[in-house]
Amino acid sequence: MKGKSNSKTKKNLILQFYHTLYREFGKQNWWPADAPFEVIIGAILTQNTSWNNVKKAIENLKKNDFIDAKKLFQLDTEKLKELIRPAGFFNQKAKTIKNFLTFLFSNYDGNLNNLLNEEDDTLRYKLLHIKGIGKETADSIILYAAGKPAFVIDKYTKRIFIRHNIINNQDIEYDELQKIIQNNIPKKTELYNEYHALLVKVGKELCKTKPLCWKCPLNIFLMRKYRHFFSKK
DNA sequence: ACCCAGGTGGCCC
DNA sequence: GGGCCACATGGG
């Protein structure tokens with residue numbers, strides 16, 4: 001009884017929060033890439049790295065026509081490192097990209113669609129077994145490359161949800177937060193897509209120095225919108 | 001001279 | 001199952 005009403009409140013809040021962001025900032029048209037393969041490369045390169053740096057690495061690859069599974073698979077690893085250097089962590093990211101390609105070519109004959117057409121749980125399981133691909137990267141690939149509903153949890157998601165009392169546990173695990181969100185909003189790719197993109201947008205554009213501190217315009221704006229949720233104990 | 005970025009894996013207890 | 005740590009570039 002009590003649990004039910006809590007979960008209903010939470011559902012309303014999580015959905016309301018999304019609608020508020022969407023009304024304010026609009027459609028984000030994610031992922032910023034031309035094709036699924038580019039999404040995957042970008043998802044690996046952006047691990048703990050600003051997108052601004054990733055863009056440079058992607059540009060280097062594009063200039064040399066390496067946004068292509070077969071060409072990238074054949075590219076010498078040391079050359080790959082040089083091209084992706086601006087994205088940082090280039091040694092391990094080059095290995096991760098090679099690990100992914102080795103997996104793709106040994107199990108799917110290099111055919112990306114065959115991999116992405118796997119059922120979503122299978123796809124997640126397989127991606128997580130590639131060294132260098134963790135939960136966030138796997139879910140980003142499932143959502144933005146395969147177009148299947150997997151809600152992506154990142155630092156911003158956690159921080160924003162904690163700051164706005166949508167969750168209380170500071171140390172909440174990836175899977176747990178993902179489950180809470182997925183259980184409380186419709187399981188729609190388009191919704192997952194926009195929601196995560198909006199969280200990243202507000203996380204990165206409105207709180208440069210101290211992410212999401214209470215002096216940030218975003219939080220002042222949201223507190224005004226959500227006063228009625230917080231005033232009730 | 002710091003701190004942070006759309007994480008991940010390894011090692012230690 | 002936690003608590004550290006390395007990984008590396010570029011911007012504020």
Side-chain angles (χ1 to χ4, degrees), chain A residues 17-18 21 25 27-33 36 38-61 77-103 124-146 149-163 169-178 181 189 191-213 215-218:
Chain A
F17 195 74
Y18 166 74
L21 292 176
F25 302 105
K27 198 166 178 346
Q28 300 300 304
N29 299 308
W30 261 37
W31 183 285
E38 190 183 331
V39 173
I40 294 169
I41 300 305
I44 292 168
L45 292 179
T46 199
Q47 291 170 350
N48 202 39
T49 300
S50 69
W51 186 253
N52 197 38
N53 287 6
V54 176
K55 275 197 296 198
K56 294 170 187 168
I58 301 247
E59 266 315 298
N60 285 344
L61 292 172
T77 303
E78 294 305 311
K79 294 271 190 185
L80 176 57
K81 287 180 185 175
E82 284 316 302
L83 292 172
I84 65 171
R85 175 180 282 273
F89 302 132
F90 53 83
N91 287 307
Q92 53 186 52
K93 284 173 181 174
K95 279 183 200 145
T96 301
I97 290 171
K98 287 293 186 176
N99 290 342
F100 172 79
L101 290 167
T102 301
F103 163 79
R124 190 173 202 259
Y125 178 82
K126 294 196 171 186
L127 290 172
L128 287 176
H129 278 270
I130 300 169
K131 191 165 152 190
I133 295 186
K135 290 170 181 174
E136 185 182 340
T137 308
D139 287 332
S140 299
I141 291 170
I142 296 168
L143 181 58
Y144 293 108
F151 201 97
V152 179
I153 307 296
D154 63 358
K155 235 182 294 191
Y156 292 139
T157 313
K158 261 188 214 179
R159 224 179 271 157
I160 293 171
F161 276 35
I162 288 167
R163 298 294 172 116
N169 179 7
Q170 304 270 333
D171 304 313
I172 192 163
E173 299 276 329
Y174 187 103
D175 290 333
E176 197 189 345
L177 180 54
Q178 185 184 47
I181 296 174
T189 297
L191 173 61
Y192 285 14
N193 180 325
E194 288 301 326
Y195 206 158
H196 175 69
L198 284 163
L199 289 171
V200 173
K201 177 184 172 63
V202 297
K204 96 174 158 188
E205 290 193 5
L206 293 181
C207 298
K208 303 258 193 218
T209 49
K210 283 191 170 184
L212 301 177
C213 67
K215 289 175 186 161
C216 287
L218 171 67

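Please read these numbers as outputs of a predicted model, since none were measured by experiment. First the proteins, then the strands, lettered A, B, ... as listed; each starts at 1.
In this model, the phosphate group of C/dC7 is not approached by any side-chain N or O of A/Arg85 to a distance below 4.0 Å at OP1 or OP2.
The separation of C/dG3 from B/dA5, taken at their C1' atoms, amounts to 22 Å, rounded to a whole angstrom. Nucleotides B/dC3 and C/dA6 place their P atoms 15 Å apart, quoted to the nearest Å. Taking atom P on both nucleotides, C/dC5 is separated from B/dC4 by 15 Å, rounded to a whole Å.
With sequence neighbours excluded, the residues satisfying side-chain contact (heavy atoms from CB on, under 4.5 Å) with A/Arg85 are A/Glu82, A/Phe90. With sequence neighbours left out, A/Asp154 forms a side-chain contact (heavy atoms from CB on, under 4.5 Å) with A/Glu136, A/Tyr156, A/Thr157, A/His196, A/Val200. Remark: A/Tyr125 engages A/His129 in a ring-ring contact (aromatic ring centres under 6.0 Å, His included) (not counting sequence neighbours). By the side-chain contact (heavy atoms from CB on, under 4.5 Å) test, A/Ala43 is found to be paired with A/Trp31, A/Thr137, A/Ser140, A/Ile141, residues two or more places apart in sequence or in another chain being considered. A/Phe161 meets the ring-ring contact (aromatic ring centres under 6.0 Å, His included) test with A/Phe17; sequence neighbours excluded. Evaluation of the side-chain contact (heavy atoms from CB on, under 4.5 Å) rule for A/Asn48 yields A/Phe89, A/Lys155 as partners, not counting sequence neighbours.
A side-chain donor-acceptor contact under 3.5 Å links A/Tyr144 to the backbone of A/Asn193. In this structure a side-chain-to-backbone donor-acceptor pair under 3.5 Å is present from A/Asn60 to A/Leu83.
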Under 3.5 Å between N/O atoms: give me all the protein pairs with nucleotides 1-4 of chain C, atom names plus distance.
{"unit_1": "C/dG2", "atom_1": "OP2", "unit_2": "A/Glu173", "atom_2": "OE2", "d": "3.3"}

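Between the P atom of C/dT9 and the CG atom of A/Leu83 lies a distance of 15 Å, rounded to the nearest Å. Atom pair A/Lys55:NZ and B/dA5:P shows a separation of 17 Å (rounding to whole Å applied). Atom pair A/Leu45:CG and C/dA8:P shows a separation of 13 Å (rounding to whole Å applied).
Across all strands shown, A/Lys93 has no heavy atoms under 4.0 Å from either base or sugar-phosphate atoms.
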Letter by letter from the 5' end, nucleotides 7-13 of chain B scores (B base, S sugar-phosphate only, - none; protein heavy atoms under 4.0 Å) BSSS---
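In the set C/dG10, B/dA5, C/dA8, the nucleotide with an atom closest to the side chain of A/Asn53 is C/dG10.
Residue pairs meeting the salt bridge (Lys or Arg N to Asp or Glu O under 4.0 Å) criterion with at least one partner in residues 89-100 of chain A, sequence neighbours excluded, do not occur; the list is empty.
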